[in-house]
Q: 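Before I ask anything, let me first share the structure, which is written out below as structure tokens.
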Amino acid sequence: MNILVIGSGGREHAIAWKLALSPAKPNIYCAPGNPGTAGLGSNLTLPDSSPAAYLAAAESIQADLTVVGPERPLVDGVVDLFHSHGKLIIGPTASAARIEGSKVFCKSFFERHALPTAAARKFTSRAEARPHLSSLGYPVVLKTDGLAAGKGVIIAANETEALAALQALPEAPLLLEEFLTGEEVSFIVYVKDGRAIPLEATQDHKTIHDGDQGPNTGGMGAYCDGRILNAQQTALIMDTVIEPTTAGMSADGHPYSGFLYAGLMMTSEGPKLLEYNARLGDPETQALMHRMDSDLLATLLDGATPTWKPDPSICVVLAAHGYPATPRTGDLIHGLGSTACEVFHAGTKATPQGIVTAGGRVLGVTGRGPTLEAARANTYRELANISFDGMQYRTDIGAKGLKRW
Ligand code: AMP
Ligand code: GLY
């Protein structure tokens, strides 16, 4: 069996790594992949990142199955194109992927189907929003429309900050949204033939610095622990959030399939939706794949309910100098071969001198342990073997969980 994984980040390396462990022993191809995925099979070079280029890659290797990592190809219609050529691919169609591509579409969808979410007002431009800043309760959340790689959201503590935030956002429709408090949880399901299969809950760490300080990033680390949500909370989320969402998508004429990621705030009034992503999370996937006990391929193809190792897992992202604003590339990475953890590649590049940094998030060092404390200790100990100039990472990944339990 030939499997193509689309994408080049840490999430895609983790998906490819887990698929390579399948008892079906598939051949793994990644397009374009990264130096980490090269070790699992073959990386395919693409002329560009259009749906047509991915289809040509899948046809060139006679792919039996294609798995899409990032949102961009989904929003561009890669699934629609594969379907029109009768090729099996995991992911939502372009119209279903709008649940991630447009925050304004998403908010209207939440309201239409009475899904629990923060109260918000929609504006077509920054100028239209400006006069309303003086009459809001603070803090307030400003969200710009369109894909922004997790960077289109600004939390303003007062009117002065909100004015500055408005200037900083691109000119596009935007939302001014109520600020929610509680534990933030990444709740990801796999939707197959209208049935949503929950994965274990994870928690991401969005800001660059320890203690949730500094600007937001794509995610600086995640952990997966069976205690993040109990069975009752999971059932409540499935009943009040996920099932009405998949039913609503079908009722609206764009039935969902593939991975659906609900960003939730567990508030005192219950789970509330912050956003949906039409894909797996990064770095949540690295922690999830490391903890998944069962065969990912069986879930993808047959909808088998996944099982999980009891040990918690954590993924700590090593980011480049200057990330998130201006990541520097070309720094030589030392010590890659000398860790007992799984090291998922993201922004790396192979050069004659060795593997160098080639993006903002460079590596995801991922480990487990019999307790969350042990998982943290194992992962941070191994991470200390890796270094590159300007390397940044958070030292508190998973510490939230330690505080709660
Ligand atoms: P989003 O891209 O909508 O997930 O927002 C990015 C991050 O901003 C989220 O992960 C939250 O940490 C934070 N955030 C977004 N919306 C809210 C909200 N209404 N209340 C509090 N925090 C929020
Ligand atoms: N880690 C957040 C995301 O994948 O959107």
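Any value given below was found using the heavy atoms of this structure, including those in side chains, with hydrogens, waters and symmetry copies removed. Atoms within each ligand, like the ligands themselves, are counted from 1 in listed order. If you're wondering where the values come from, they're calculated on a predicted model, not measured in any experiment.
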Q: Under 4.0 Å from any heavy atom of N277, which atoms of ligand 2 are there?
A: 5 (O)
Q: For ligand 1, which atoms sit closer than 4.0 Å to a heavy atom of K206?
A: 10 (O)
Q: Between T245 and Y276, is a side-chain hydrogen bond (donor to acceptor under 3.5 Å, both in side chains) present by the stated rule, with each step listed?
A: CA-CA 10 Å; T245 299; Y276 268 122; 2.7 Å; yes
Q: Show me which atoms of ligand 1 lie under 4.0 Å from any heavy atom of E177.
A: 16 (N), 18 (C), 19 (N)
Q: Which part of R11 is near ligand 2, with near meaning a heavy atom under 4.0 Å away: side chain, backbone, both or neither?
A: neither
Q: Check whether any N or O atom of D204, backbone or side chain, sits under 3.5 Å from an N or O atom of ligand 2, and answer yes or no.
A: yes
Q: Can you spot which of E111, H113, K107 makes a side-chain contact (heavy atoms from CB on, under 4.5 Å) with F109?
A: H113
Q: Between Q203 and E284, do the side chains contain a donor N or O and an acceptor N or O under 3.5 Å apart?
A: no
Q: Does A118 reach ligand 1 with a nitrogen or oxygen that is under 3.5 Å from one of the ligand's nitrogen or oxygen atoms?
A: no
Q: So which bit of E178 gets within less than 4.0 Å of ligand 1, heavy atoms only: side chain, backbone, both or neither?
A: backbone
Q: Check L180 against ligand 1 and report side chain, backbone, both or neither, counting heavy atoms closer than 4.0 Å.
A: both
Q: Establish, for the pair R279 and F259, whether the NZ or CZ atom is under 6.0 angstrom from the six-membered ring centre and no further than 45 degrees off its axis.
A: no
Q: I would like to know whether R112 and D252 meet salt bridge (charged side-chain N to carboxylate O under 4.0 Å, His left out); could you show each step before the answer?
A: CA-CA 10 Å; R112 198 163 55 247; D252 289 357; 2.7 Å; yes
Q: Please confirm whether E284 comes within less than 3.5 Å of ligand 2 when only nitrogen or oxygen atoms on both sides are compared.
A: yes
Q: Just do the side chain to side chain contact (heavy atoms under 4.5 Å, CB included) check on K309 and M292 with the steps written out, would you?
A: CA-CA 6 Å; K309 297 182 185 0; M292 188 183 279; over 6 Å; no
Q: Please walk me through it: do Y323 and M220 pass side chain to side chain contact (heavy atoms under 4.5 Å, CB included)?
A: CA-CA 10 Å; Y323 182 71; M220 289 297 289; 3.9 Å; yes
Q: Can you name the atoms of ligand 1, numbered from 1 with element, that are less than 4.0 Å from a heavy atom of E275?
A: 1 (P), 2 (O), 3 (O), 4 (O)
Q: Would you mind running through ligand 2 and noting each atom that sits below 4.0 Å from a heavy atom of R279?
A: 3 (C), 4 (O), 5 (O)
Q: Looking at ligand 2, does A222 have a heavy atom less than 4.0 Å from it?
A: no
Q: Can you confirm, on distance only, whether ligand 2 has an N/O atom lying under 3.5 Å from any N/O atom belonging to G218?
A: yes
Q: At less than 4.0 angstrom from any non-hydrogen atom of G281, what atoms of ligand 2 do you find?
A: 4 (O)
Q: Quick check: H132 with F123 (ring centres under 6.0 Å apart)?
A: yes
Q: Check whether any side-chain heavy atom of P23 sits under 4.5 Å from a side-chain heavy atom of D295, and report yes or no.
A: yes
Q: Any atoms of ligand 1 less than 4.0 Å from a non-hydrogen atom of K143? List them with their elements.
A: 3 (O), 15 (C), 16 (N)
Q: Run the salt bridge (charged side-chain N to carboxylate O under 4.0 Å, His left out) check on R227 and D225 step by step: do they pass?
A: CA-CA 5 Å; R227 294 171 297 180; D225 182 310; 2.9 Å; yes
